[in-house]
Amino acid sequence: MGDMLRRDLAPLTAEAWAEIDETAARTLKVQLSARTLVDFDGPHGWAHAAVNTGRLDLSKSKSAKDVPWGLREAQPLVEARVPFHVDQMEMDNITRGCKDADLSSLEGAARKLAAFEETAIYQGFSDGQIKGVIASSGHDAVSLPSGADEYHRGVAEGMERLRMAGIGGPYALVLGHKQYAELMKAGKGSYPPRRMVRDAVEGGQILWSPVLDGGLLLSCRGGDFLMTVGQDIAVGYASHNRDKVELYLTESLTFQVFEPAAAVELKAKG
């Protein structure tokens, strides 16, 4: 047995595994925005279970020898797993040269895991002891105008709050599905709304996330947000029968906010 992913036990050829990995990476690349904007630490492997917070929780009780004591605080990593099934014959067809194998179940699992990661970083995951960027923000939310033609005004207000708090760039704007689509479709001519928004964010990135409703402005200067990864996203093997192979996508991660003032939520009206 090679490792916890147990890929060597799967009835899949090297060609099938290559197609599976490529499809997963291609799907995830479109869905994941947060990990490209925050500091990334890892991957550290399966054995990495927690990160040191540098804090000490002093106990109010006394030890048997009347010695003051405390517990060092650590933030645990969350391990996520999304199962899916592929057809055994279809996987064999890849080795036969098939270029359009049905991997829709993998694509669905990748979107699901990406949404889990994006939600944990942007909105938080209290059960996993993760306080996200929006919940941690030190600013009141800025109202995002309802029309894409006016988005630049909300972005400019958010940018002013970052600058007034002494938060430097570069900056990034992440929009939810509805807002991003509206911005990309809006306007004609040499100075469409998306160009006004890009100017407002001082030429920074404008990205899309499927888990946001509204948007988020944040600094990408470094040192404000940290994503720590034990096992990075990978495909593992679970079981199989004559017709189906059960696989899964997995990762382990946690997220920390060190500077709450480095992000401003843009809240969608209504």
Side-chain angles (χ1 to χ4, degrees), residues 27-38 78 80 82 107-162 165 167 171-187 192-202 204-220 224-225 227 233 251 253-257 259-270:
T27 306
L28 289 164
K29 184 177 181 180
V30 176
Q31 301 287 320
L32 295 172
S33 64
R35 62 164 55 202
T36 69
L37 302 175
V38 303
V78 177
V82 181
E107 293 167 346
R111 288 191 293 269
K112 191 172 183 178
L113 186 63
F116 175 85
E117 180 180 304
E118 294 272 285
T119 300
I121 293 176
Y122 288 137
Q123 299 178 358
F125 180 42
S126 59
D127 289 343
Q129 300 182 30
I130 296 175
K131 191 174 182 180
V133 176
I134 292 175
S136 300
S137 175
H139 306 279
D140 292 334
V142 172
S143 180
L144 187 67
S146 55
D149 290 345
E150 298 296 319
Y151 279 3
H152 66 282
R153 300 187 186 278
V155 173
E157 183 179 344
M159 287 292 297
E160 182 179 6
R161 294 190 185 185
L162 290 176
I167 304 298
Y171 305 99
L173 169 65
V174 189
L175 293 173
H177 178 75
K178 180 175 181 288
Q179 292 75 28
Y180 186 88
E182 287 179 347
L183 181 63
M184 292 301 110
K185 294 175 183 177
R194 62 179 174 273
R195 184 173 174 184
M196 290 189 285
V197 168
R198 188 173 298 280
D199 288 347
V201 80
E202 299 183 358
Q205 300 181 75
I206 302 176
L207 302 177
W208 165 82
S209 176
V211 305
L212 292 180
D213 182 18
L216 181 67
L217 269 171
L218 69 162
S219 172
C220 302
D224 299 317
F225 313 104
M227 176 182 180
I233 299 176
E251 68 173 326
L253 76 150
T254 193
F255 178 73
Q256 298 164 282
V257 175
E259 177 49 84
V264 179
E265 180 187 9
L266 303 177
K267 203 171 185 102
K269 286 188 176 180

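Only a predicted model underlies this, so the values are computations on that prediction, with no experimental measurement involved.
- Pairing each heavy atom of A120 with each of I130, the nearest pair is O-CG2, 3.3 Å.
- In plain terms, the two heavy atoms of R198 and G204 that are nearest each other are NH1-O, 3.1 Å.
- The shortest non-hydrogen separation linking I167 to A261 is CG1-O, 3.4 Å.
- Note that the CG atom of L207 and the CG atom of L32 stand 11.5 Å from one another [nearest 0.5 Å].
- Minimum heavy-atom separation, A156 to A200: N-CB, 4.2 Å.
- Remark: aromatic rings of F255 and F125 are distant, center separation not under 6.0 Å.
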Could you check V197 against L175 for side-chain contact (heavy atoms from CB on, under 4.5 Å), going step by step and ending with a plain yes or no?
CA-CA 11 Å; V197 168; L175 293 173; 5.8 Å; no
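- For E265, the side-chain hydrogen bond (donor to acceptor under 3.5 Å, both in side chains) test picks out no residue, with sequence neighbours left out.
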Is there a side-chain contact (heavy atoms from CB on, under 4.5 Å) between R161 and D140 once you walk through the steps?
CA-CA 9 Å; R161 294 190 185 185; D140 292 334; 3.7 Å; yes
Can you list, pair by pair, the side-chain donor-acceptor contacts under 3.5 Å of residues 147-155, counting residues two or more places apart and other chains?
residue, atom, partner, partner atom, Å
E150, OE1, R153, NE, 2.4
Y151, OH, E182, OE1, 2.7
H152, ND1, D149, O, 3.2

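- Here the closest non-hydrogen pair linking S136 and P260 is O-CB, 2.9 Å.
- Within 6.0 Å of CD in E160 there are 12 or fewer heavy atoms belonging to other residues, nucleotides or ligands.
- Contact check for R35 versus I233: side-chain heavy atoms found under the 4.5 Å cut-off.
- In this structure S219 satisfies the side-chain hydrogen bond (donor to acceptor under 3.5 Å, both in side chains) test with no other residue, sequence neighbours excluded.
- Expressed to the nearest 0.5 Å, how far CG of L212 lies from NZ of K267 amounts to 12.0 Å.
- The side-chain hydrogen bond (donor to acceptor under 3.5 Å, both in side chains) contacts involving residues 122-132 comprise S33-Y122, where partners must be two or more places apart or lie in separate chains.
- V82 and A109 get closest at one heavy-atom pair: CG1-CB, 3.7 Å.
- For E259, there are no side-chain hydrogen bond (donor to acceptor under 3.5 Å, both in side chains) partners at least two apart in sequence or on another chain.
- A distance of 14.0 Å separates NZ of K112 from CD of Q31, quoted to the nearest 0.5 Å.
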Decide side-chain contact (heavy atoms from CB on, under 4.5 Å) for K178 and D213; before the verdict, give the C-alpha distance in whole Å, the side-chain angles of both, and the deciding distance to 0.1 Å.
CA-CA 7 Å; K178 180 175 181 288; D213 182 18; 5.5 Å; no
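- One distance of note links NE2 of H139 with CG of L217; it measures 10.0 Å at 0.5 Å rounding.
- Here the CD1-CG distance, from I121 to L37, works out to 9.0 Å after rounding to the nearest 0.5 Å.
- Panel note: side chain S137, backbone A263; a donor-acceptor pair is recorded below 3.5 Å.
- Residues satisfying the side-chain hydrogen bond (donor to acceptor under 3.5 Å, both in side chains) test with Q205, not counting sequence neighbours, are none.
- One distance of note links CD of E202 with CG of L162; it measures 9.5 Å at 0.5 Å rounding.
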